[in-house]
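In what follows, residues are counted from 1 in the order of the sequence shown. Only a predicted model underlies this, so the values are computations on that prediction, with no experimental measurement involved. Every heavy atom of this structure was used, including side-chain atoms; hydrogens, water molecules and symmetry mates were not.
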Amino acid sequence: MTKVSWDAELIKRHDLAGPRYTSYPTAPQFNEAFSRAQLDQAIARSNATARPLSLYFHIPFCDTICYYCGCNKIVTANKKRAQPYLDALHIEIERIAALLDPERPVKQLHWGGGTPTYISHEQMKALVAKTWQHFKPVDYGEYSIELHPGSTGADTIGLLRELGFNRLSMGVQDFDPQVQTAVNRFNSPEEVGALVERARAEQFQSISMDLIYGLPFQTIDTIATTLAQVIELSPDRLSLFNYAHLPHLFKTQRQMDASALPSAETKLNMLHLAIDTLTEAGYVYIGMDHFAKPEDELCKAQDNGSLQRNFQGYATYGDCDMFAFGVSSISAIDNIYVQNHKQIPAYSRDLEAGKLPIAKGLQLSQDDLLRQHIINRLICQFELDYDSIETLYNIDFNDYFAPVLTRLQPLLEDGLLDRLDHKGLRVSSGGRLLIRRVCMEFDAYLKSSDSSDVIASSESGPRYSKII
């Protein structure tokens, strides 16, 4: 079981801006030159391997706007806007399913957003029916959905279980009334507690909650209170995300009072408090903002070396090809990434024209796949064994990554690593919070040709949030 220790000075020295590594290469590397032929070839290879499937569905609609949000969303109270989009989504399901072996099992399924529970119960039933008309569910599948507790009723929880969902992810964010008003996101401990109680009665296998630190008017005291209230609800998993204020990228963030944001030092203290509090309450730090109870499948997967990371975060299954449906969604199939159009009109036009709604993508090189494997192992296990990598990719690790290993030496001397030799490396307990910093040294797209400086900004402002 991995542990994390707090080293404030180490954090201050290495808290750079960088990718979150839900994929490698990251989304800025996707390009419009990607072709349908490349997708078809990847699907053919995917069918030949008969790998299991992971399905993602993006429901972009929300009733109200949360000012901190950077997701691809459509805020409208007009529920009629959802049906034309769902009609297009059904067409995409049919079109993709026609390309796949129908016997490939669906190990994972996830509805994200937006707010997936925005759509009506009848629309949920229709989307699930369309999915299983064309794909093969399995009894052991992990089928999850995100929901906003403040706009979800207990009857919806019952329906979701009836439809086959067995995992819930609740976007709690914060319970403090002043913070909720500042970010326009409301859900009380009582509302969340009622949903948790119903979910447990319906025998959901896992309940996860998302929290955010660094929001306007948050203080050490308010974070402590929210954490205590969440621990009382005893979710199986917790995600504690750092709020990144990037108003040049996300216009809705301009509606918040930037002067009320906590200082960088206060944010660090909040994170320190949260880690100590959750650890004392029995949660295990998985990595990259995620915590879980020791008996949770994520902890078990990390212990046995099978833990993976994908666009939805940490996952217990790493042997799946991911097919994603809806606007802006990203598929990961064999050695490609492919992303749909971000806007509904372009997405729908392609489907109406008999096409797939591809906006851009990327075919990974052998070097990309090698670095992807390394970054995934670092994020999930915090260490590398060079021998196993050399066997998989037919390289001499020390020779291939000689420049990287030179750049890692100062990180070893600084305490970010506690092992770096010709056989492998291991991240220190104090460096685990900064794992993205280590991964960045293996990222070929972040380095200039003659230095190790990180290229992490654009003319309009930072491209990436800071690590912590």
Approximate separation, where rounding is to 0.5 Å, of [X] [atom1] and [Y] [atom2]:
X: Y143; Y: Q108; atom1: OH; atom2: CD; result: 9.5 Å
X: L215; Y: K267; atom1: CG; atom2: NZ; result: 9.0 Å
X: L261; Y: M256; atom1: CG; atom2: CE; result: 6.0 Å
X: I374; Y: D443; atom1: CD1; atom2: CG; result: 11.5 Å
X: R45; Y: R51; atom1: CZ; atom2: CZ; result: 9.0 Å
X: L86; Y: E122; atom1: CG; atom2: CD; result: 12.5 Å

N304 and S306: side-chain hydrogen bond (donor to acceptor under 3.5 Å, both in side chains), yes or no, with the steps?
CA-CA 6 Å; N304 65 31; S306 64; 2.6 Å; yes
Check: [X] side chain, [Y] main-chain N or O, donor-acceptor pair, under 3.5 Å:
X: N31; Y: F34; result: yes
X: E202; Y: G158; result: no
X: N187; Y: V172; result: yes
X: S239; Y: D289; result: no
X: R432; Y: F382; result: no
X: R185; Y: G171; result: yes
X: Q218; Y: I212; result: yes
X: K73; Y: C71; result: yes
X: T222; Y: T219; result: yes
X: D101; Y: N47; result: no

Pair [X], [Y]: side-chain N/O donor-acceptor within cut-off below 3.5 Å:
X: S46; Y: D321; value: yes
X: E146; Y: H110; value: yes
X: K293; Y: S234; value: yes
X: E92; Y: Y347; value: yes
X: H58; Y: N72; value: no
X: D87; Y: Q83; value: yes
X: T76; Y: N78; value: no
X: D368; Y: Y445; value: yes

Taking everything shown except [X] itself, do over 12 heavy atoms lie less than 6.0 Å from its [atom1]?
X: E232; atom1: CD; result: no
X: E32; atom1: CD; result: no
X: Q308; atom1: CD; result: yes
X: K79; atom1: NZ; result: yes

Under 4.0 Å between a Lys/Arg side-chain N and an Asp/Glu carboxylate O for [X] and [Y]?
X: R349; Y: E352; value: no
X: D15; Y: R437; value: no
X: R167; Y: D236; value: no
X: R198; Y: D155; value: no

N166 vs R161, test: side-chain contact (heavy atoms from CB on, under 4.5 Å). Steps then yes/no.
CA-CA 6 Å; N166 52 32; R161 191 70 187 95; 4.1 Å; yes
Check against side-chain contact (heavy atoms from CB on, under 4.5 Å), V106 and V138
CA-CA 6 Å; V106 176; V138 290; 5.8 Å; no
So which atom in [X] and which in [Y] form the shortest heavy-atom distance, rounded to 0.1 Å?
X: T117; Y: I145; result: CG2-CD1, 4.2 Å
X: L227; Y: A274; result: CD1-CA, 3.6 Å
X: L298; Y: D296; result: N-OD2, 2.8 Å
X: K107; Y: Y140; result: CG-CE1, 3.8 Å
X: N310; Y: A315; result: ND2-CB, 3.7 Å
X: I358; Y: H341; result: O-NE2, 3.4 Å

Could you walk me through whether Y85 and Q123 pass side-chain hydrogen bond (donor to acceptor under 3.5 Å, both in side chains), step by step?
CA-CA 11 Å; Y85 175 76; Q123 289 169 331; over 6 Å; no
For the pair I207 and R200, evaluate side-chain contact (heavy atoms from CB on, under 4.5 Å) and give the outcome as yes or no after the intermediate values.
CA-CA 9 Å; I207 298 171; R200 291 193 172 123; 3.9 Å; yes
Out of the candidates W111, F57, F165, only one should pair with P116 under the side-chain contact (heavy atoms from CB on, under 4.5 Å) rule; please name it.
W111
Evaluate the side-chain proximity of [Y] to [X]: yes if any heavy-atom separation is below 4.5 Å, no if none is.
X: Q133; Y: I93; answer: no
X: L195; Y: L147; answer: yes
X: L109; Y: W132; answer: yes
X: F311; Y: S329; answer: no
X: L364; Y: Y24; answer: no
X: E142; Y: Q205; answer: no
X: N184; Y: Q255; answer: no
X: I330; Y: F30; answer: yes

Pair V183, D174 - check side-chain contact (heavy atoms from CB on, under 4.5 Å), show working.
CA-CA 10 Å; V183 302; D174 193 286; over 6 Å; no
Is the F61-Y118 ring centre distance short of 6.0 angstrom?
yes
So if I apply the ring pair (Phe, Tyr, Trp, His ring centres under 6.0 Å) rule between F291 and each of Y314, Y285, Y283, which one comes out positive?
Y285
How are the rings of W6 and H272 set relative to one another: parallel (under 30°), tilted (30 to 60°) or perpendicular (over 60°)?
parallel
